[in-house]
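Letters A, B, ... mirror the listed sequences (proteins, then strands); counts begin at 1.
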Amino acid sequence: MNSFTTPLLKWFQHSKRDLPWRQTTNPYLIWVSEIILQQTRVDQGISYYEKFIKTFPTLAHLANASFNDVLLVWQGLGYYRRAQNLHNSAKLIFNTLPFRFPSTYVELKKLDGIGDYTAAAIASIAFQEPVAAIDGNVMRVWSRVFCLSHPMNSPQLKKKCSEIMEPLLGEAHPGDINQALMELGATVCKPGDPMCDQCPLKQLCKAHQSGNQRSYPLKAPKPKTRTRFFLFLVNLHLRDQTPCIWIEQRGAGDIWQGLYQFPMIETNAPPDSESLAHIEHLTSMGLTEKPDIQKAVYVKHKLTHQTLHCWFINTNLEKPLTESCISLPMSETHRFAFPRPILNYLHTYLKPEIESDCTFC
DNA sequence: CATACGTGGAA
DNA sequence: TTTCCAAGTAT
């Protein structure tokens, strides 16, 4: 037995958390959990996993669902391309006869949304294939154990981890070894304050022995961020005695692909007389009153690579801003997926307004 | 290979 | 308040 895997597996056996996806070996469910957990904390992912498998209990359910319904379940989780990829891959698997869930690393990796890590995770956990699942946790653990001097997320560090793990996975329990390393990274060998006293690998860890555990892994460079200014035109109106709002779907090539928003104007600077003049120009579209920026609701929303400055402006736009706008009854907003800032505005300002304003009763 | 892609909880 | 960052992938 290996000097790493023996203490690791023993520790995992009695220290692992009781997580919903650990109660199954169903590859479909393992797959769903792995996609949800990409760049996502376990705490945040659990409720989404529960909701997802309740809505789509089998691959057939997912394959036969509409993309809109998949996106709706994903609403609020972020990285929405994951939902698209999951749905596309489910349809592909389900419609390729004879129906069989891909069961090897190589087959899995061909699917949209499944890269090195996820292919190895599913192959090892659901099919016992001895392949290394290397995520951020695993890289942090090995980075400390061997004092590796490559920055986090660098291809070099990933390659190094792959070389370290290859001889460990051949004997038995590749799925448990992968999960044990991830669990160790998530609960003990944490980024900020590793709890080395509880670590099954402390005798083997070079960083701990030299007291340098906090110096590893080396930090990845900060991503550059760009700043954007969004003006959302909020228009509550009556259609057939029913309170409605205009919404439009976001397209490809930008954030929030496939989600819905209020008609929006993006400017290069915070709203000023120039941008308001631009909005005024929309008078031809039915805007009969100049929007008052002072009354706008302002929200700052930060993404990994962007800082969004959002203003929500009430308008009396009588026609859609573009051809693709939909006049949606307020009672139907729960059928569409919105980005977090839109959803927050909807629930904080629009829903209460409808309930309190008698003109909409 | 560097960069874009969300969100929310902890420090 | 700001910063960090979490079970990565696609391009």
Short side-chain N/O contact from Thr118(A) to OP1 or OP2 of dT9(C), under 4.0 Å:
yes
Side-chain N or O of Gln39(A) versus OP1/OP2 of dA6(C): is the shortest distance under 4.0 Å?
no
Tell me: [atom1] of [X] to [atom2] of [N], nearest whole Å?
| X | N | atom1 | atom2 | result |
| --- | --- | --- | --- | --- |
| Leu77(A) | dG8(C) | CG | C1' | 13 Å |
| Arg22(A) | dA7(C) | CZ | P | 12 Å |
| Lys110(A) | dT9(C) | NZ | C1' | 18 Å |
| His305(A) | dT11(C) | NE2 | P | 16 Å |
| Met182(A) | dA7(C) | CE | P | 9 Å |
| Asn153(A) | dG8(C) | CG | C1' | 8 Å |
| Tyr80(A) | dG8(C) | OH | P | 17 Å |
| Leu111(A) | dG8(C) | CG | C1' | 15 Å |

Main-chain N/O of Cys244(A) paired to Ser327(A) side chain as donor or acceptor, under 3.5 Å
no
May I ask you to decide if Asp197(A)'s main-chain N or O and Lys202(A)'s side chain share a donor-acceptor pair within less than 3.5 Å?
yes
I'd like the 5' and 3' limits of the part of DNA chain B contacted by chain A, with heavy-atom contacts below 4.0 Å.
dC1(B) to dG9(B)
For a quick check of understanding: with a heavy-atom distance under 4.0 Å over all strands, which category does [X] fall into, base, sugar-phosphate or nothing?
| X | result |
| --- | --- |
| Arg17(A) | base |
| Asp116(A) | sugar-phosphate |
| Lys300(A) | sugar-phosphate |
| Gly76(A) | sugar-phosphate |
| Ile36(A) | nothing |
| Pro223(A) | nothing |
| Gln257(A) | nothing |
| Trp21(A) | base |
| Leu343(A) | nothing |

Polar contact flag, side-chain donor to acceptor under 3.5 angstrom, Arg81(A)-Gln257(A):
yes
5' priority, DNA chain B, between Lys224(A) and Ile255(A) [closest heavy atom]:
Lys224(A)
Name the residue closer to the 5' end of DNA chain B, choosing between Arg228(A) and Asp43(A) according to the nucleotide with the nearest heavy atom.
Arg228(A)
Nearest nucleotide by nearest heavy atom, which residue falls closer to the 5' end of DNA chain C, Tyr117(A) or Lys222(A)?
Lys222(A)
Within a strict 4.5 Å, meaning less than it, do heavy atoms of the Gln261(A) and Phe232(A) side chains meet?
yes
Could you tell me the separation between the CD atom of Glu183(A) and the SG atom of Cys189(A), rounded to the nearest 0.5 Å?
12.5 Å
Counting only heavy atoms not in Gln13(A), do more than 12 fall under 6.0 Å of its CD?
no
Given Glu34(A), Gln38(A), Lys158(A), the one that forms side-chain hydrogen bond (donor to acceptor under 3.5 Å, both in side chains) with Tyr117(A):
Glu34(A)
Say we look at [N] and [M]: how far apart would their [atom1] atoms be, to the nearest angstrom?
| N | M | atom1 | value |
| --- | --- | --- | --- |
| dA7(C) | dA10(B) | P | 15 Å |
| dC1(B) | dG8(C) | C1' | 16 Å |
| dT9(C) | dG8(B) | P | 22 Å |

So if I apply the ring pair (Phe, Tyr, Trp, His ring centres under 6.0 Å) rule between Phe312(A) and each of Phe230(A), Tyr349(A), Tyr345(A), which one comes out positive?
Tyr345(A)
Report yes or no: is the cationic atom of Lys91(A) (NZ for Lys, CZ for Arg) closer than 6.0 Å to the six-membered ring centre of Phe94(A), at no more than 45° off its axis?
no
Please tell me which of the listed nucleotides, dA6(C), dT3(C), dG8(C), lies nearest to the side chain of Lys302(A)?
dT3(C)
